[in-house]
Amino acid sequence: MKQKFISLSLFLFLIFSFSSFAQERPQITFEDLMISAEENVTLITDARKLAEKYDIPHTIYLPEGVFIEAKGIENNKVVYTIFNDLLHTFNNGEVASEKK
């Protein structure tokens, strides 16, 4: 009986952990965010304003050639596009949001 309780507890812990981690990732895809930001430039402006409000950067360039830019807002969080290949922006592009 004790073994079943431990197994059930572990199972419930894993379910709640995965669901909370799933909420951390933006729902929008890289491609959809790029298209939306291109069609509606105010998305970028609003994302930058929100980043400034939270005192976080809106644009980051890493020496390795990675470019990160605030391009949208989702669930009142800044959503960034991550360009891993600046010559081919849709090659290995990603999205991420800031953590609160």
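Computed from heavy atoms alone, side chains included, the values below leave out hydrogens, waters and symmetry copies. Just so you know, residue 1 is the first one in the sequence shown, and it goes up from there.
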Exercise for review: Verify the neighbour count for atom CD of Glu38: are there more than 12 heavy atoms of other residues, nucleotides or ligands below 6.0 Å?
Suggested key: no
Check your understanding: With side chains defined as the heavy atoms from C-beta onward, is the minimum distance between Leu43 and Val41 less than 4.5 Å?
Key -> no
**Study point:** side chain to side chain contact (heavy atoms under 4.5 Å, CB included) between Phe67 and Thr81, intermediate numbers included
**Key:** CA-CA 8 Å; Phe67 185 68; Thr81 52; over 6 Å; no
Check your understanding: Taking side chain as C-beta onward, heavy atoms only, is Glu39 less than 4.5 Å from Ile35?
Key -> yes
Practice item. Report the distance from atom NE2 of His58 to atom CG of Leu50, rounding to the nearest 0.5 Å. Key: 12.0 Å
Check your understanding: Are side-chain heavy atoms of Ile56 and Tyr80 found at a separation under 4.5 Å?
Key -> yes
**Study point:** Contacts of Glu74 that satisfy side-chain contact (heavy atoms from CB on, under 4.5 Å) - sequence neighbours left out
**Key:** Pro26, Gln27, Ile28, Val79
**Study point:** Summary of ring-ring contact (aromatic ring centres under 6.0 Å, His included) pairs that have at least one residue in residues 28-52, sequence neighbours excluded
**Key:** Phe30-Phe83, Phe30-Phe90
Check your understanding: Quick one: do Ile44 and Ile73 end up in the same hydrophobic cluster if we chain Ile, Leu, Val, Met, Phe, Trp and Tyr together by side-chain heavy atoms under 4.5 Å apart?
Key -> no
Check your understanding: Tell me, which pairs form a salt bridge (charged side-chain N to carboxylate O under 4.0 Å, His left out) where one or both residues lie in residues 40-50, sequence neighbours left out?
Key -> Arg48-Glu69
Point to revise | Minimum side-chain heavy-atom gap Val95-Asp32 below 4.5 Å | key: no
**Study point:** Check: Gly93 main-chain N/O paired with Asn84 side-chain donor or acceptor under 3.5 Å
**Key:** no
Review point. Side-chain contact, heavy-atom cut-off 4.5 Å: Val66 with Ile82?
Key: yes
Review point. What heavy-atom pair brings Lys71 and Leu33 nearest, and what distance separates the two atoms?
Key: O-CD1, 3.8 Å
